[in-house]
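Structure first, commentary second.
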Amino acid sequence: MRIRRLKLSGFKSFVEPAELHVEPGLTGIVGPNGCGKSNLLEAIRWVMGESSARSLRGGGMEDVIFAGTASRPPRAFAEVTILVDAAIPGEADLQETEVVRRIERGAGSAYRINGRDVRARDVGLLFADAATGAHSPALVSQGRIAAVIAARPAERRMMLEEAAGIAGLHVRRKDAEQKLRATEANLVRLDELIADMETRLATLRRQARAAEKYRALSTAIRMAEAKLVFARWREAAAAAEAAEVEAARATQLVEAAAGAQRDAATRQHETAAGLARCRTAAEQTREAAAQAGHALTEMRAKRAALGRRIDELTAQRRTLATDRAREDSLALDAAAALTGLGEEDRALTARLATAGAESGRAAARVAAAEGEARDAEVALARAQAGQAAELAEQRVAQAAVTAARCS
């Protein structure tokens with residue numbers, strides 16, 4: 001591998017883009033201390049994939065970006081491009097390879113090979129296959145000779161392998177071993193997955209058999225449900241026809257009951273009117289009977305008073321007769337008295353005749369009042385019987401209406 005061109009932009013002290021062509025033969029860079037000679041070597045190592053900031057004399061990888069001065073602002077990125085005369089495997093038609101590494105503040109590094117984004121490992125393998133790289137013994141920096149002299153056997157072996165051009169093979173071997181271990185882990189995982197899949201397969205087979213059985217049972221159940229629904233539909237249709245017939249019959253019964261209800265209502269109205277008339281007549285009869293009873297009571301009281309008066313007059317007459325008989329012997333002495341007593345007797349007789357006539361008239365009135373009372377009682381009994389009959393007809397009509405409504 002031969003470096004043909006090196007281009008820097010924003011890398012450490014190379015704030016402005018700088019391009020270095022390496023011509024055939026021996027190329028040397030001469031300059032005073034601090035002019036950036038070591039920065040060129042570090043740029044080559046950095047673009048070859050150096051990942052240690054301490055190897056680049058910095059505290060962090062972003063320290064390779066120009067930090068700025070009193071007269072110039074800092075840069076936001078740094079980019080190094082290297083052109084080498086080596087072909088990439090798979091691109092034999094290209095004899096030159098351009099490798100670019102770019103870093104931005106806060107975004108990290110990015111690699112490109114011939115304009116195609118690649119990984120840092122791909123860049124490291126590219127240079128390792130060419131027996132070089134960021135840690136190649138061909139890149140000798142300050143203090144590197146002393147480090148080689150004081151190196152341990154393993155470090156010297158690594159330098160010799162890089163010088164022999166087999167470092168790439170070790171890198172590829174390491175990658176192959178890592179891939180092999182990853183493959184073995186994947187195979188173990190695959191065996192576990194296969195065992196798990198076999199377990200799941202057995203479970204799925206059981207579930208498939210259960211699902212097949214469920215499908216068959218579901219089909220049988222759907223057929224049975226369909227038959228049941230059809231049978232219920234036929235029963236419902238027959239029931240609907242019977243219900244229609246029953247509804248028609250019920251409609252006729254309802255119409256008949258409605259007619260009977262209307263007739264009963266008419267009869268009830270007529271009965272209520274007759275009952276009202278009977279109640280009015282009964283009330284009038286009661287009032288007449290009460291008046292007749294009062295008149296009869298008064299007549300009986302008058303009759304009793306007249307009887308007592310007659311008894312008194314009879315007793316007085318007897319007394320007078322006795323007195324007259326007793327006084328007959330004293331006729332001479334009582335002539336004047338006899339004359340007076342005769343007149344009194346005549347007056348009493350007239351009064352007795354008058355009292356007898358009044359007693360006959362009172363007896364006639366009492367008999368008439370008793371007849372009216374008996375007639376009133378008979379009318380009242382007839383009215384109560386009519387009222388009871390009307391109430392019975394009303395209850396019969398109400399029972400017919402209730403039965404018609406319930407049907």
Side-chain angles (χ1 to χ4, degrees), residues 1 42 44-56 58-64 79-80 82 84 86-94 97-139 147 151-211:
M1 175 181 287
E42 291 175 355
I44 294 174
R45 294 178 59 190
W46 185 70
V47 76
M48 286 183 177
E50 178 62 57
S51 58
S52 175
R54 295 182 61 184
S55 300
L56 301 176
M61 192 56 68
E62 292 184 356
D63 290 342
V64 301
E79 183 177 278
V80 176
I82 187 171
V84 297
I88 300 176
E91 297 182 4
D93 54 336
L94 297 177
T97 302
E98 184 182 59
V99 180
V100 180
R101 182 176 182 180
R102 180 186 178 94
I103 184 173
E104 295 182 4
R105 295 187 186 275
S109 298
Y111 294 87
R112 290 196 305 274
I113 297 178
N114 293 336
R116 180 167 45 89
D117 292 335
V118 295
R119 300 172 301 175
R121 177 177 297 179
D122 297 332
V123 174
L125 288 176
L126 172 65
F127 290 106
D129 291 339
T132 183
H135 302 92
S136 174
L139 301 177
R152 292 176 296 180
E155 296 175 350
R156 291 180 182 179
R157 180 181 176 182
M158 291 176 60
M159 288 187 291
L160 293 175
E161 288 177 353
E162 289 179 357
I166 62 175
L169 296 177
H170 285 287
V171 174
R172 292 183 183 277
R173 177 186 174 183
K174 184 177 180 180
D175 292 340
E177 289 177 351
Q178 291 178 354
K179 290 180 180 179
L180 182 59
R181 285 193 294 269
T183 303
E184 291 176 353
N186 290 335
L187 288 175
V188 173
R189 179 59 180 166
L190 183 60
D191 292 337
E192 294 177 355
L193 290 176
I194 290 174
D196 187 24
M197 289 298 176
E198 289 177 352
T199 304
R200 293 179 62 184
L201 180 60
T203 304
L204 290 175
R205 285 176 179 172
R206 290 194 300 270
Q207 292 178 356
R209 289 193 296 270

What pair of heavy atoms forms the shortest contact from [X] to [Y], and how long is it?
X: V47; Y: V123; value: O-CG1, 3.7 Å
X: I82; Y: M48; value: CD1-CE, 4.5 Å
X: S109; Y: R101; value: OG-NH2, 3.3 Å
X: R102; Y: E79; value: NH1-OE1, 3.1 Å
X: A53; Y: G60; value: CB-C, 3.5 Å

* Report yes or no: does E98 contribute a side-chain atom to a donor-acceptor pair with the main-chain N or O of G115 at less than 3.5 Å? =>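 Side chain of E98 to backbone of G115, a donor-acceptor pair under 3.5 Å: no, none is there.
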ask   = Judged by atom type as modelled, is there a donor-acceptor pair below 3.5 Å linking the side chain of R45 to the main-chain atoms of L56?
value =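 Between the backbone of L56 and the side chain of R45 there is no qualifying donor-acceptor contact (under 3.5 Å).
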Taking the side chain as C-beta and beyond, is there a heavy-atom pair between Y111 and D122 under 4.5 Å?
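No. Closest side-chain heavy atoms not under 4.5 Å.
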For R181, is the CZ atom crowded, meaning more than 12 foreign heavy atoms sit under 6.0 Å from it?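 Counting neighbours around CZ of R181, more than 12 heavy atoms of other residues, nucleotides or ligands fall under 6.0 Å, so yes.
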To the nearest 0.5 Å, tell me how far [X] [atom1] sits from [Y] [atom2].
X: I113; Y: R119; atom1: CD1; atom2: CZ; answer: 10.5 Å
X: T183; Y: L190; atom1: OG1; atom2: CG; answer: 11.5 Å
X: M61; Y: E50; atom1: CE; atom2: CD; answer: 6.5 Å
X: L193; Y: L187; atom1: CG; atom2: CG; answer: 11.0 Å

* Only pairs at least two apart or in different chains count here, so list each salt bridge (charged side-chain N to carboxylate O under 4.0 Å, His left out) that has a residue in residues 191-207. =>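 Residue pairs with at least one partner in residues 191-207: R189-E192.
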